[in-house]
Amino acid sequence: MPTQIAGRRGGAVGAKIEYRDGHWIVPDHPIIPFIEGDGTGPDIWRASAKVFDAAVAKTSGGKRSIVWHEVLAGEKSFNQNGNWLPDETLGMIREHRIAIKGPLTTPVGGGIRSLNVALRQMLDLYACIRPVRYIAGVPAPVKQPGKLDVVIFRENIEDVYAGIEYKAESPEADAVIEFLQRRFGAKIREKSAIGIKPMSKFGSQRLVVKAIQHALKRKRPSVTLVHKGNIMKFTEGGFRDWGYEIAKERFGDQTVTEAEGGKRKEDAGKLVIKDRIADAMFQQLVLRPDEYSVIAAPNLNGDYLSDAAAAQVGGLGLAPGGNVGDGYAVYEATHGTAPKYAGQDKVNPSSVILSGVMMFEEMGWDEVARAIVRGLEGAIASKHVTYDLARQMPGATEVSTSAFADAIIQHLA
């Protein structure tokens, strides 16, 4: 049944998004919780929501709309109720399944290590998805940025995010060192800090499955497993082996390994599964980026690769992100809060806007996603851009955050 809830433009009747048998069921007026974010978050969110509403209205002829519902997290929440991440916020996201957020401040001191990490772990959003592609006209530090068009699937729960560590010379570190030396004959330098990074077959394989499903759905040619298995053979190497195993088990008739694909012509047209050592992959993304399409990586490797790839096409200001699980998804800006620009209507909203593109694609509203991308491309081509782009684009006109949103809306198509 539709739910009466306050919308961003006053009262509106909206309905919940459902998830059944691995598929989203999206009504014409879905209720979507949003967290506007800290620092420059409010400026960015206002501009982004304006673009989203215009694109939905234009592509549907006014038959669809988003019913935005604000939920609190970060500094705004802490200032109002003393809680950085209220249970009510988590409950609302669980109830409505898909949400979007601006950048959040990480609390200083004890308690939550990171609000973003907490959201991912509490909602089991195990896939951090970062598409990286070049938009013509954006200043880039490489000669041919258009060759890079990848979607990075980064495991979002395990590895360093589940890391356990003990300070050097602490009783805990000393006890672990003593146990490893006595029980397994490990050689560990005295006064070492100790860290443990758990990586499971279950966690690794569900991440790889999601990457393969995306590649098949979007007709991308390959999935590359990135790891440091030459050194860490049972964690990083396990990720590689478990990835190949699940690819064969679940998608054997639709995939082929790189080695097999080079030998059997009858496998042409299948999705190629390959792997690369993490440090080599960094070089490959710079020198031969067009050979890679979808990347699946453990948490830390995926973190490095995502930011390094984004740097090649204009930086984090144009880098969207999505945290997706089974039946839950939270989309977000990948940059920080930039508090020195808060309230100045100055910063680039493209990260949240492109995260919204990902959200609409997940919802099955591809026409909305395409319209927004065309609008962003048109605004950049017209050289009416925010300061971060204008200072690097000869002949550009610097505009405010809100004016940049207006330029995007003018170019929606």
Side-chain angles (χ1 to χ4, degrees), residues 113-114 117 120-121 124-130 132 150-166 176-177 180 184-189 192-215 222-251 255 257-260 271-289 291-310 323-325:
R113 179 187 295 182
S114 161
V117 173
R120 295 164 188 169
Q121 293 179 334
D124 198 26
L125 306 174
Y126 60 84
C128 178
I129 307 172
R130 295 274 295 273
V132 185
V150 299
V151 183
I152 299 172
F153 281 72
R154 166 192 173 199
E155 204 288 320
N156 221 10
I157 303 294
E158 301 186 332
D159 195 3
V160 293
Y161 272 8
I164 302 165
E165 61 174 356
Y166 299 114
V176 172
I177 291 170
L180 293 174
F184 301 111
K187 296 181 180 179
I188 302 173
R189 184 170 290 148
S192 291
I194 290 292
I196 301 170
K197 64 169 196 176
M199 291 173 61
S200 72
K201 179 177 181 178
F202 170 79
S204 299
Q205 288 192 332
R206 67 177 180 171
L207 183 278
V208 173
V209 165
K210 195 165 282 291
I212 292 174
Q213 288 173 334
H214 176 88
S222 67
V223 172
T224 304
L225 310 173
V226 178
H227 59 93
K228 192 64 177 172
N230 57 327
I231 302 299
M232 303 296 289
K233 300 183 184 301
F234 306 117
T235 49
E236 302 271 341
F239 180 89
R240 171 192 180 275
D241 295 343
W242 296 326
Y244 276 121
E245 179 183 290
I246 198 66
K248 183 176 181 180
E249 178 183 315
R250 289 277 302 274
F251 307 97
T255 64
T257 66
E258 185 175 40
E260 292 170 335
L271 177 67
V272 178
I273 309 297
K274 51 190 176 181
D275 74 279
R276 296 290 184 270
I277 301 297
D279 44 334
M281 189 68 227
F282 274 81
Q283 178 174 250
Q284 293 281 294
L285 275 184
V286 175
L287 299 179
R288 302 161 72 173
E291 295 183 11
Y292 299 93
S293 180
V294 175
I295 291 171
N299 185 279
L300 187 57
N301 294 334
D303 197 3
Y304 292 153
L305 286 170
S306 296
D307 285 4
N323 302 286
V324 182

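Just the heavy atoms: all of them, side chains too, but no hydrogens, waters or symmetry mates, feed the values below.
- For A193, the side chain to side chain contact (heavy atoms under 4.5 Å, CB included) partners are A168, not counting sequence neighbours.
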Set out, in order, the CA-CA distance, both residues' side-chain angles and the distance that settles side-chain contact (heavy atoms from CB on, under 4.5 Å) for V176 and Y166, then state yes or no.
CA-CA 9 Å; V176 172; Y166 299 114; 4.1 Å; yes
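- For the atom pair T235 OG1 and D159 CG, the distance stands at 7.5 Å (nearest 0.5 Å).
- In terms of heavy-atom proximity, E155 sits nearest to N299 at O-ND2, 3.0 Å.
- Put simply, CD1 on I246 and OG on S204 are 11.0 Å apart, with the number rounded to the nearest 0.5 Å.
- Taking the ring axis of Y126 as reference, the NZ or CZ atom of R206 stays within 45° of it and closer than 6.0 Å to the ring centre.
- Panel note: side chain E158, backbone S200; a donor-acceptor pair is recorded below 3.5 Å.
- At least one donor-acceptor pair under 3.5 Å links the side chain of Q205 to the backbone N or O of W242.
- When all heavy atoms of V294 and A215 are compared, the closest pair comes out as CG2-CB, 3.9 Å.
- Legend: residues meeting side chain to side chain contact (heavy atoms under 4.5 Å, CB included) with V272, ordered by chain and number and at least two apart, are S222, V256, E258.
- Around CZ of F282, the count of heavy atoms belonging to other residues, nucleotides or ligands within 6.0 Å exceeds 12.
- Contact record, A162 with P198: O-CD, 3.4 Å, taken as the closest heavy-atom pair.
- Put simply, the side chain of I129 does not reach to within 4.5 Å of the side chain of H214, judged on heavy atoms.
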side-chain contact (heavy atoms from CB on, under 4.5 Å) for M199 and F234? Distances and angles first, verdict last.
CA-CA 9 Å; M199 291 173 61; F234 306 117; over 6 Å; no
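- Looking only at distances, a side-chain donor or acceptor of N156 sits under 3.5 Å from a matching main-chain atom of L125.
- A distance of 5.5 Å separates CG in L305 from CD1 in I152, rounded to the nearest 0.5 Å.
- Residue N301 is tested with R276, E236, R154 for a side chain to side chain donor-acceptor pair (under 3.5 Å); the sole match is E236.
- Residues L285 and A309 come closest through the heavy atom pair CD1-CB, 4.3 Å.
- Between atom NZ of residue K233 and atom CZ of residue R240 there is a gap of 10.5 Å, rounded to the nearest 0.5 Å.
- Relative to the ring axis of F239, K228 does not place its NZ or CZ within 45° and under 6.0 Å from the centre.
- Judged by distance alone, the side chain of Y244 and the main-chain N or O of L225 form no donor-acceptor pair under 3.5 Å.
- When every heavy atom of K210 is checked against every heavy atom of A127, the shortest pair comes out as CD-CB, 3.7 Å.
- Here CD of Q284 is found 11.0 Å from CG of D279. Values are rounded to the nearest 0.5 Å.
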Which is it for K201 and D241 under the side-chain contact (heavy atoms from CB on, under 4.5 Å) test, yes or no, and what are the steps along the way?
CA-CA 9 Å; K201 179 177 181 178; D241 295 343; over 6 Å; no
Show your working on side-chain contact (heavy atoms from CB on, under 4.5 Å) between I157 and L207 and close with a plain yes or no.
CA-CA 10 Å; I157 303 294; L207 183 278; over 6 Å; no
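- In terms of heavy-atom proximity, V226 sits nearest to A278 at CG1-CA, 3.7 Å.
- Few gaps surround CD on E249; more than 12 heavy atoms of other groups in view lie less than 6.0 Å from it.
- A donor-acceptor contact shorter than 3.5 Å is absent between the side chain of N323 and the backbone of R120.
- Atom CD of Q213 and atom CG of L271 lie 11.5 Å apart (nearest 0.5 Å).
- A side-chain donor-acceptor contact under 3.5 Å links Q121 to the backbone of Y161.
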